[in-house]
Every structure is written in C-alpha cells, then in structure tokens.
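Computed over heavy atoms, backbone and side chain alike; hydrogens, waters and symmetry mates excluded.
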Amino acid sequence: MGKIIAIANQKGGVGKTTTSVNLAASLGVLEKKVLLIDADPQANASSGLGIDVNTVEIGTYQIIEHSNTPNEAVVKCSAPNVDVIPSHIDLVAIEIELVDKADREYMLKKALESIKEEYDFIIIDCAPSLGLLTLNALTAADSVIIPIQCEYFALEGLGKLLNTIKSIQKIHNPDLDIEGLLLTMFDSRLRLSNQVVEEVQKHFNDMVFETIIQRNVKLSEAPSFGESIINYDATSKGANNYLQLAHEIIKKNSK
C-alpha cells in the first residue's frame with residue numbers, strides 16, 4: 001500500500017514544489033511507482049513536469065469535489081514511473097466551496113482510498129497556506145516533509161506549522177507523522193546558512209533529514225523546460241541531493 005507524504009510549509013519560496021517534483025522523480029528513477037498530486041492552485045508542480053495546465057480538465061479540484069475519480073485525473077509525465085494528478089487555477093475556489101460541506105477536511109482522504117494501493121509513494125505538493133486545501137492534504141497523509149530554507153527567517157512560522165500538525169493529529173489524523181525537516185537552498189559559503197543548519201539540527205535532532213538540498217542553478221532552470229532535475233541534468237548537485245533524499249526515505253520506510 002502506498003505511503004502518502006505531504007510536503008507542506010505555509011511560507012512560500014522554501015522549495016516545496018521543487019522538492020515535490022524532484023523527490024517524486026528520484027523515487028521513480030529508483031524504481032518506485034509514484035503519484036504526484038498537485039494541491040496548489042499555482043500548478044507549478046504540474047507545469048514543472050511538462051503538463052500544460054491550461055488544458056487540464058480533470059485534476060485535483062475534481063477529485064476533492066468527488067465529481068471524478070483519481071484514476072480519471074491521472075496524467076503521464078516526462079519522469080519515469082511517475083504519474084501526476086495536475087492542478088489548475090480553478091482550485092482556488094475549493095476553499096470557499098468546501099466551507100459548508102460535512103467532513104470537508106476528509107474529502108481528499110476519501111478520494112485517495114480507491115488509488116492508494118496502486119503506488120509505492122503518493123506525494124502531495126501543498127499550497128503555501130494553512131487553509132482547507134493544506135488541511136485536506138495533511139488529513140489524507142501518513143506523514144509530512146517540512147522544507148526549511150537556510151535563511152534568516154527560516155524558523156519563523158515553523159512553530160505555527162508544528163502546532164497545526166499537532167491539532168490535526170489530535171482531531172483529524174492521529175496517525176500523521178513528521179517524515180522529516182528538510183533543509184533547502186543551502187549555500188556553504190554563507191555563514192548564515194551554516195548557522196541555520198546548526199540551529200535546526202540542535203533544536204530538532206533526529207527529525208532533520210541528513211540530506212541537505214544545496215542551492216543549485218540547474219534546479220532553478222529545470223522547471224522552465226518542464227523537466228525534473230533528474231531528466232534535465234542527472235549529474236548536477238541538485239540531482240545528487242534529491243536522489244540521496246529518496247534513498248533516505250526508502251531506507252526509513254523499509255524498516
């Protein structure tokens with residue numbers, strides 16, 4: 001049965017989508033069957049894997065609404081062994097439309113029950129907010145990866161997110177684990193980057209992934225070509241980092 005991992009942080013620009021796309025592609029290269037769900041109305045994870053978001057007719061919006069099944073929404077992409085349920089700007093409306101619905105926090109969880117056993121890993125790219133969309137993702141997930149940028153305001157808002165996760169564990173999803181905190185955009189030349197790494201590792205110990213994602217030009221370029229870093233430049237530092245992260249996750253989940 002597939003493990004559902006949400007990638008969440010209410011701060012924007014911390015590497016959530018980069019991590020979702022490249023972790024999915026890395027797990028695919030390591031011969032795991034992966035489903036990437038784009039749960040962000042900006043649809044960057046979809047376009048980052050070469051999907052034309054303007055042509056999306058069935059996607060995350062329809063599966064949360066239960067007007068279509070996940071199997072009907074699945075799209076093939078450029079990454080081997082990776083399927084995508086794409087997003088569209090229409091997803092913005094879901095927050096308003098779900099407000100009056102009973103069990104509104106469980107809509108995505110219920111939708112994924114029919115497809116969960118078909119994949120080794122299901123990765124959910126969350127929106128940069130703690131609204132109903134992210135709440136649905138965290139209620140559906142088995143665990144959550146929290147990307148943390150190696151910059152000055154890195155820890156700002158982390159406490160709020162951890163409190164949200166605690167309340168979701170208490171009310172909606174007692175089985176939700178923290179898969180790990182992932183340090184991103186690390187630049188070894190900057191003293192500040194090194195200080196943030198030390199601070200996070202000191203405070204959170206075993207919760208922090210050993211893998212650190214380094215700042216890398218190729219990682220920034222790959223989405224504009226609609227490819228993961230693995231397809232775009234398999235020899236780059238970014239590709240090595242995400243493959244290392246995929247190995248770490250597989251090892252952690254094979255115990």
Compare every heavy atom of [Y] with every heavy atom of [X], then report the nearest pair and how far apart it is.
X: M107; Y: R104; value: CG-O, 3.4 Å
X: L30; Y: A246; value: CD1-CB, 3.7 Å
X: V82; Y: A24; value: CG2-O, 3.4 Å
X: P70; Y: S114; value: CD-OG, 3.7 Å
X: V74; Y: Y119; value: CG2-OH, 4.1 Å
X: N173; Y: T139; value: ND2-O, 3.1 Å

Under 3.5 Å, which donor-acceptor pairs do the side chains of residues 160-167 form with other protein atoms, sequence neighbours left out?
from	atom 1	to	atom 2	distance (Å)
N163	ND2	G159	O	3.3
T164	OG1	K160	O	3.0
S167	OG	T164	O	2.9

Just so I know, are the side chains of [X] and [Y] near enough to count as touching, which here means a heavy-atom distance under 4.5 Å?
X: V144; Y: I5; result: no
X: I37; Y: I4; result: no
X: L158; Y: I146; result: yes
X: L36; Y: D83; result: no
X: V29; Y: N81; result: no
X: Q62; Y: S67; result: yes
X: S87; Y: V53; result: no
X: I51; Y: V56; result: yes

message: V75 vs L49, test: side chain to side chain contact (heavy atoms under 4.5 Å, CB included). Steps then yes/no.
response: CA-CA 10 Å; V75 174; L49 283 174; over 6 Å; no
Give a yes or no answer on whether the side chain of [X] reaches the backbone of [Y] with a donor-acceptor pair at less than 3.5 Å.
X: E118; Y: I115; answer: no
X: K109; Y: N136; answer: no
X: Q10; Y: P128; answer: no
X: T184; Y: P147; answer: no
X: S193; Y: L190; answer: no
X: K252; Y: E179; answer: yes

Worked verdict on I249 versus F121 for side chain to side chain contact (heavy atoms under 4.5 Å, CB included): CA-CA 10 Å; I249 287 170; F121 290 96; 3.9 Å; yes
Contacts table for residues 88-98: side-chain donor-acceptor under 3.5 angstrom, sequence neighbours left out:
from	atom 1	to	atom 2	distance (Å)
H88	ND1	D90	N	3.1
H88	ND1	D90	OD1	3.3
E95	OE1	L132	N	2.9
E95	OE2	L132	N	3.3
E95	OE2	L133	N	3.0
E97	OE1	Y61	OH	2.7
E97	OE2	Y61	OH	3.0

When rounded to the nearest 0.5 angstrom, what is the spacing between [atom1] in [X] and [atom2] in [Y]?
X: C77; Y: N231; atom1: SG; atom2: CG; value: 8.5 Å
X: I178; Y: S143; atom1: CD1; atom2: OG; value: 9.5 Å
X: L182; Y: I145; atom1: CG; atom2: CD1; value: 7.0 Å
X: L219; Y: D233; atom1: CG; atom2: CG; value: 9.5 Å
X: K3; Y: I123; atom1: NZ; atom2: CD1; value: 10.0 Å
X: K16; Y: C126; atom1: NZ; atom2: SG; value: 8.0 Å

Are [Y] and [X] connected in a single hydrophobic cluster, I mean Ile/Leu/Val/Met/Phe/Trp/Tyr linked by side-chain heavy atoms less than 4.5 Å apart?
X: L176; Y: L130; result: yes
X: L135; Y: I63; result: yes
X: V34; Y: L23; result: yes
X: Y232; Y: V84; result: yes
X: L245; Y: M185; result: no

- prompt: Has K33 got more than 12 heavy atoms of other residues, nucleotides or ligands less than 6.0 Å from its NZ?
  reply: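 More than 12 within 6.0 Å, yes.
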- request: Evaluate side chain to side chain contact (heavy atoms under 4.5 Å, CB included) for S26 paired with I230, printing each intermediate quantity in order.
  value: CA-CA 7 Å; S26 299; I230 309 294; 3.4 Å; yes
query: Which of these, N22, T19, T18, sits in a side chain to side chain donor-acceptor pair (under 3.5 Å) with Y242?
result: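 Result: among N22, T19, T18, T19 is the only option passing the side chain to side chain donor-acceptor pair (under 3.5 Å) with Y242.
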query: Considering the options D38, D125, D40, which one meets the side chain to side chain donor-acceptor pair (under 3.5 Å) requirement together with T17?
result: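 That would be D125; it is the only one of D38, D125, D40 passing the side chain to side chain donor-acceptor pair (under 3.5 Å) with T17.
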Atom pairs and distances, side-chain donor-acceptor, residues 203-213, under 3.5 Å, sequence neighbours left out:
from	atom 1	to	atom 2	distance (Å)
H203	ND1	E199	O	3.0
T211	OG1	E248	OE1	2.6

- request: Using a strict cut-off of less than 4.0 Å between a Lys/Arg side-chain nitrogen and an Asp/Glu carboxylate oxygen, indicate whether K11 and E151 qualify as a salt bridge.
  value: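 Salt bridge between K11 and E151, a charged N being under 4.0 Å from a carboxylate O: no.
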message: Test: ring-ring contact (aromatic ring centres under 6.0 Å, His included). Region: residues 158-190. Which pairs qualify, not counting sequence neighbours?
response: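 Found Y106-H172.
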message: Once salt bridge (Lys or Arg N to Asp or Glu O under 4.0 Å) is applied, do any residues pair with E221, and if so which ones, sequence neighbours excluded?
response: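 Not a single residue meets the salt bridge (Lys or Arg N to Asp or Glu O under 4.0 Å) criterion with E221.
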field: For K110, salt bridge (Lys or Arg N to Asp or Glu O under 4.0 Å) partners two or more places apart
entry: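 For K110 the salt bridge (Lys or Arg N to Asp or Glu O under 4.0 Å) partners, ignoring immediate neighbours, are D103.
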message: Assess the residue pair D142 and D175 against the criterion (side chain to side chain contact (heavy atoms under 4.5 Å, CB included)); give the C-alpha distance rounded to whole Å, side-chain angles, the decisive distance to 0.1 Å, and a yes or no.
response: CA-CA 6 Å; D142 298 306; D175 299 323; 5.9 Å; no
